[in-house]
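Chain naming here is simple, since letters A, B, ... match the order of the sequence lines and numbering starts at 1 in each.
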2 protein chains.
Amino acid sequence: MPEQAINADEVVGAALDLLDDVGLHGFTMRALAQRLGTYPATIYWHVGSRGEVLSAASARVLDSVFADLPDPTSTPWDAWLDAFARGYRRQMQSHPAIAAWGVTHFEARVPAPDDLEIIVGVFARAGFHGEALALAYNMFLGSLIGWVGVELIADDPELGSDPEQMEGSVRALDADDYPTIVANLDHLANHAIAFRWQGGIANPLDAAFDFAVATWIAGLRAQLASRSG
Amino acid sequence: MPEQAINADEVVGAALDLLDDVGLHGFTMRALAQRLGTYPATIYWHVGSRGEVLSAASARVLDSVFADLPDPTSTPWDAWLDAFARGYRRQMQSHPAIAAWGVTHFEARVPAPDDLEIIVGVFARAGFHGEALALAYNMFLGSLIGWVGVELIADDPELGSDPEQMEGSVRALDADDYPTIVANLDHLANHAIAFRWQGGIANPLDAAFDFAVATWIAGLRAQLASRSG
DNA sequence: ACCTGAACACCGTTCAAGT
DNA sequence: ACCTGAACACCGTTCAAGT
């Protein structure tokens with residue numbers, strides 16, 4: 001039995017390395033093949049198309065989120081959701097290209113039923129059942145995945161948008177025309193969606209993420225109270 | 001003064017039509033030129049690169065969201081945010097390709113300060129000021145844009161993922177291994193993130209969106225109460 | 001079973017040249 | 001100022017051919 005020169009796991013690992021190095025835009029079947037010292041067709045043999053390689057890389061990152069989480073049965077539901085949200089964001093910060101691809105490709109593959117059972121189980125123990133469970137699950141997962149995807153926009157969009165010019169246009173807003181923006185500009189400039197001139201890796205919105213997670217959980221608590229009341 | 005054969009507005013309009021017809025993947029500078037009866041270089045002359053065309057199309061759709069909203073000064077903040085969320089989602093449902101592109105390209109361009117002043121003003125009248133205003137703004141906008149982006153995944157990912165096979169794997173989950181999922185399967189199957197085999201256009205998650213918006217607003221209400229208490 | 005090498009049918013973008 | 005036509009440097013994917 002001679003060792004194989006290459007296998008699917010190696011392809012996925014190299015894909016993640018390449019994504020981290022060059023981003024989604026530079027992630028090319030040809031570049032991936034070159035990094036593995038082989039030919040594009042070899043990748044098709046072991047894993048499949050570009051989309052399938054990205055899907056496999058995304059699955060590996062998502063799985064690693066669950067490696068570091070507290071025990072879901074002995075942890076209060078709100079503390080567990082908080083830890084899950086932070087773990088998810090941390091992994092996406094390590095692989096921003098996966099975050100960008102994932103937001104729009106979180107398809108219906110039941111990629112890891114074990115992980116999904118854990119999440120669904122936490123909502124059940126929180127007191128959500130039947131339709132309310134599905135609603136709470138969708139609210140939290142959609143908000144989390146989506147929010148992090150929005151936060152982690154690339155520093156360099158493909159546009160030629162100049163950060164300095166952008167900063168200038170934010171700071172030049174007239175107080176007569178835009179009173180509320182100008183009154184709160186110190187807290188908005190480079191710290192709020194659509195007011196930023198840096199991406200979410202160079203400029204993470206840490207306080208905003210803390211507030212968002214707390215607000216999602218506070219909202220769920222209010223929903224539980226109104227349903228049992 | 002002879003009429004020009006073409007102008008930037010026409011290019012953006014044709015771009016939106018093309019996006020609606022063929023999706024983000026089929027949106028090609030060459031296809032756009034052909035639709036306009038001209039050459040790719042003409043698009044570069046009037047609007048710019050592919051990214052700039054998408055950015056302009058996205059800006060036009062976003063602007064149209066604000067055309068149909070209630071008066072922000074005479075509407076309670078929670079009712080206004082609710083209407084805004086619904087208007088945003090409706091426009092994205094009309095242009096799903098823009099939703100997909102927008103989630104990861106909501107850059108820092110202050111594209112429409114008038115619209116942003118309205119949103120920020122609503123949070124100010126709700127009682128958020130200074131840093132709390134920026135936090136609430138980021139929480140709501142990031143959740144909304146992100147959630148809708150996750151919902152509106154394309155029915156056909158580039159993967160060869162077979163919907164029928166996907167439905168089969170969801171329905172085949174074993175009750176011993178996945179008790180909570182199976183117990184709630186009727187409410188999860190094709191109605192929850194990662195349990196779907198259709199995209200958000202063919203299969204909109206209406207009830208989940210209603211619940212998400214209500215939960216975001218309930219969470220903001222709780223944050224207001226805890227800060228003033 | 002696994003890999004090579006080349007080919008096919010595309011891309012986005014640039015640019016000299018026209019009017 | 002605006003458009004043409006062609007070219008450059010790439011893509012993803014397929015496929016016959018090798019071992």
Integer-rounded Å distance: C:dC10 C1' and B:L32 CG: 17 Å
From C:dG12, D:dT13, D:dC3, nucleotide with atom closest to B:M29 side chain: C:dG12
Side chains of B:H46 and B:N7, donor plus acceptor under 3.5 Å: no
Nearest-nucleotide comparison on DNA chain D, the residue closer to the 5′ end among A:A41 and A:G26: A:G26
For residues 133-149 of chain B, tabulate all N or O donor-acceptor pairs below 3.5 Å that involve a side-chain atom, not counting sequence neighbours.
residue : atom : partner : partner atom : Å
B:Y137  : OH   : A:I193  : O            : 2.6
B:N138  : OD1  : A:I193  : N            : 2.9
B:N138  : ND2  : A:H191  : O            : 2.9
B:N138  : ND2  : B:A134  : O            : 3.2
B:S143  : OG   : A:W216  : NE1          : 3.0
B:S143  : OG   : B:M139  : O            : 2.6
B:W147  : NE1  : A:N138  : O            : 3.1

B:A5, nearest nucleotide to its side chain (from C:dC2, D:dT13, D:dC3): D:dC3
Closest listed nucleotide, where the reference is the side chain of A:I6 and the choices are C:dT13, D:dT13, C:dC3: C:dC3
5'-to-3' dot-bracket of DNA chain C (Watson-Crick, G-U; under 3.5 angstrom; crossing pairs as [ ]; | other strand): ||.|||||...|||||.||
N or O in side chain of A:T28 less than 4.0 angstrom from D:dC10 OP1/OP2: no
Side-chain donor or acceptor of B:D20 paired with backbone N/O of B:H95 under 3.5 Å: no
A:I43 CD1 to D:dC11 C1', straight-line distance once rounded to whole Å: 13 Å
Below 4.0 Å: OP1/OP2 of D:dT4 and any side-chain N or O of B:T42: yes
Under 3.5 Å donor-acceptor, B:E117 side chain and A:T180 backbone: yes
N/O donor-acceptor pair under 3.5 Å between B:R171 side chain and B:A189 backbone: no
Interatomic distance where CD belongs to A:Q34 and C1' belongs to C:dC3 [whole Å]: 17 Å
Length of the CZ-C1' vector between B:R30 and C:dT14, whole Å: 12 Å
Nearest-Å distance for atom pair CZ/C1', residues B:R50 and C:dT14: 18 Å
Polar side-chain atom of B:Q91 near backbone of B:Y88 as donor-acceptor pair, under 3.5 Å: no
Summary of salt bridge (Lys or Arg N to Asp or Glu O under 4.0 Å) pairs that have at least one residue in residues 80-103 of chain B, sequence neighbours excluded: B:D82-B:R86, B:R86-B:D210, B:R89-B:E151, B:R89-B:D206
Spacing between B:H25 atom NE2 and D:dC11 atom C1', to the nearest angstrom: 11 Å
Atom-pair distance (CZ on A:F27; C1' on D:dC10), nearest Å: 17 Å
Whole-Å distance separating the OH atom of B:Y44 from the C1' atom of C:dG12: 4 Å
